[in-house]
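To start, the structure itself, in structure tokens.
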Amino acid sequence: KVSFDVRRGSVHGLVGENGAGKSTLMKILSGVYQKDAGTGTVIFDGETIEHTTPHASMQRGLAIIYQELNLVNTMSVGENIFLGRFKEMK
């Protein structure tokens, strides 16, 4: 039972106890997990999203930086954040 509104171009933090569902919510929004049918509504830019993929979420402009990342030691922090998205930045 979550209602979460965000604004384009801003950074948001989601806090809560362990097991509260923060990571699950983020994975649903980013397309890593599919939400169960009938369990809620995801609306992005006025469009109801039933199913998505990580690629489709990134194409919509939804970016999530996970706490546990496998970093490339020879790259800067900024380069690591955009790892896998360099082509989109051109």
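Since we're looking at a predicted model, the values are computed, not measured.
- Closest non-hydrogen pair, Thr52 versus Gly31, comes out as CG2-CA, 3.5 Å.
- A donor atom on one side chain and an acceptor atom on the other are not found under 3.5 Å apart for His55 and Ser57.
- Under a 3.5 Å cut-off, the side chain of Glu79 and the backbone N or O of Ser76 do form a donor-acceptor pair.
- The NE2 atom of His12 sits 10.0 Å away from the CE atom of Met26 when rounded to the nearest 0.5 Å.
- Around atom OH of Tyr33, no more than 12 heavy atoms belonging to other residues, nucleotides or ligands sit under 6.0 Å away.
- The shortest non-hydrogen separation linking Ile49 to Lys35 is O-CE, 4.2 Å.
- Looking at heavy atoms from C-beta onward, Arg60 lies in side-chain contact with Glu47 at the 4.5 angstrom threshold.
- Considering only residues two or more places apart in sequence or on other chains, Leu25 meets the side-chain contact (heavy atoms from CB on, under 4.5 Å) condition with Val2, Leu14, Leu29.
- Using modelled atom types, one side-chain atom of Lys22 and one backbone atom of Glu17 make a donor-acceptor pair closer than 3.5 Å.
- With contacts defined as side-chain heavy-atom distances shorter than 4.5 Å, the pair Thr48/Glu50 qualifies.
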